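No experiment lies behind these values; they were computed from the predicted model shown.
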Amino acid sequence: MKTETLSGDKGGLWRAERPGWHTDRCILWFCIMGAVIVGITVLALANIAITELADPAHLFEVAASSEVIGSILLTFCAGANAVLLLVIFGTPLAYVLARSRPSRFKEVVESVVDIPLILPHTVAGLLVYLLFMRRGWLGAPLAEIGLAFEDAYPGTVVAMLFVASPFFINSMREGFEKVPVHLENVARTLGAGTFTTFRTVTLPLSLRHMFNGAILAWGRAIGEFAAVIMIAYYPFIISTLIYYSFTTDGIHTSRSIAFVVIVISFAVFYLLRRMTRYLGRYDDRV
């Protein structure tokens, strides 16, 4: 029986056979197994959505609250500031790690970068607090020039930066590693310096990884709770507000706030993911 693949090559996963349509059994089972993970998320979202949409008046009242709106904006802005700092300081580090030869020192640095991934969130928050508190190694000299971190916006940003840094740095390092070194060498033979080569060749070819890393880091930052409250319980970020609302008003209000955050976060990340389909498409051919 003649078999054709929809993709036009031998590697097609979905096969069209006459007289009917058939799918690869392996892929079918993969889809079923993967559906378990997706299904749990969908059930959790459906559970809260059905409950909240049954009382739209209360949901709208919570969503329109100035406290909730201000907390969401504060959370998103603090996460964006943390990512901006990572772009400025993390990109050079990622490039150095990508172009350095394997060595024990490099492995140590990479392990240090990954530490926030394996630490309990409370431990990460404690590390940030001890370093940036008023008597900390960095907190004390910065407090003398008027930059406070305890129960202040800078404390929120630095806590988010700490926990989100591995996501951005590792993503950028992988992007730089995929850029062929010979392209940089060609640019240097044409008279370009190291920074000019990095700015005109390497960085443009890694924009998609930068964007993906920034999205992952931002998502990790705005979702942080324990590390933030260790140093900056106030002002309330959205996760702190939900916890505070849960402990004071109960599940009804905190559930509504959580649903509002879910809807907004889904919309924002969907738009960002759509953008990644077009960003750097031309350079993917390299």
Side-chain angles (χ1 to χ4, degrees), residues 23 26-80 82-83 116-125 156 159-160 163-164 166-167 212-230 232-277:
T23 57
C26 177
I27 298 302
L28 179 61
W29 277 107
F30 283 0
C31 291
I32 294 174
M33 296 169 67
V36 174
I37 303 299
V38 178
I40 292 175
T41 304
V42 171
L43 286 176
L45 293 175
N47 184 25
I48 189 173
I50 293 173
T51 306
E52 288 302 314
L53 294 178
D55 189 5
H58 179 264
L59 177 62
F60 180 78
E61 180 183 355
V62 171
S65 170
S66 59
E67 185 179 24
V68 173
I69 295 175
S71 181
I72 292 176
L73 291 176
L74 174 69
T75 305
F76 283 12
C77 289
V83 171
L117 289 174
I118 61 176
L119 289 178
H121 295 187
T122 49
V123 175
T156 300
M160 289 182 173
V163 298
F167 294 89
N212 285 332
I215 292 176
L216 291 175
W218 188 59
R220 178 66 181 87
I222 65 177
E224 183 54 36
F225 170 64
V228 174
I229 65 171
M230 295 289 286
Y233 191 82
Y234 298 100
F236 280 167
I237 60 172
I238 194 61
S239 56
T240 310
L241 178 62
I242 292 174
Y243 175 77
Y244 176 80
S245 178
F246 178 78
T247 56
T248 55
D249 300 329
I251 188 65
H252 193 42
T253 302
S254 60
R255 185 181 59 206
S256 298
I257 300 174
F259 183 70
V260 172
V261 174
I262 291 171
V263 172
I264 295 176
S265 299
F266 177 80
V268 171
F269 277 88
Y270 177 78
L271 291 175
L272 291 175
R273 284 300 184 188
R274 290 281 296 180
M275 292 174 61
T276 60
R277 295 179 58 184

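Heavy-atom minimum distance, S254 versus G250: OG-O, 3.1 Å. The two residues S239 and E224 have their closest heavy-atom pair at OG-O, 3.0 Å. Nearest heavy atom pair, residue F225 against residue Y243, reads CZ-CG, 3.7 Å. Taking both residues in full, the closest heavy atoms of S71 and T75 are given as O-OG1, 2.7 Å, listed atom of the first, atom of the second, then distance. Nearest approach of A258 to I242, heavy atoms of both residues: CA-CD1, 3.9 Å. Closest non-hydrogen pair, A78 versus T156, comes out as CB-CG2, 3.9 Å.
A donor-acceptor pair is defined here as one N or O able to donate and one able to accept, closer than 3.5 Å; such a pair exists between the side chain of W218 and the backbone of F76. A side-chain donor-acceptor contact under 3.5 Å links T247 to the backbone of Y244. Side-chain atoms of S65 never come within 3.5 Å of backbone atoms of E61 as a donor-acceptor pair (strictly under, hydrogens ignored).
Considering CD1 of I257 and CD1 of I262, their distance stands at 12.0 Å, rounded to 0.5 Å. Taking CD1 of I237 as the start and CG of L73 as the end, the distance is 13.5 Å to the nearest 0.5 Å. One finds the CZ atom of R255 at 8.5 Å from the CG atom of D55 (value rounded to the nearest 0.5 Å). Taking CG from L59 and OG1 from T51, the interatomic distance works out to 11.5 Å, rounded to the nearest 0.5 Å. We find the CD1-CD1 distance between I32 and I27 to be 11.5 Å, quoted to the nearest 0.5 Å. Annotation: the span from I72 atom CD1 to E67 atom CD amounts to 11.0 Å, rounded to 0.5 Å.
Ring planes of F266 and Y270: parallel class, angle under 30° (limits at 30 and 60°).
The side-chain heavy atoms of L117 and F167, taken from C-beta on, include a pair separated by under 4.5 Å. Taking the side chain as every heavy atom from C-beta outward, N212 and R273 approach each other to under 4.5 Å. Looking at L74 and F236, their side chains never come closer than 4.5 Å, going by heavy atoms from C-beta outward. Counting heavy atoms from C-beta outward, V163 and H121 have side chains that stay 4.5 Å or more apart. Between V62 and V68 there is a side-chain heavy-atom pair separated by less than 4.5 Å.
Residue pairs meeting the ring pair (Phe, Tyr, Trp, His ring centres under 6.0 Å) criterion with at least one partner in residues 246-265, sequence neighbours excluded, are H58-H252.
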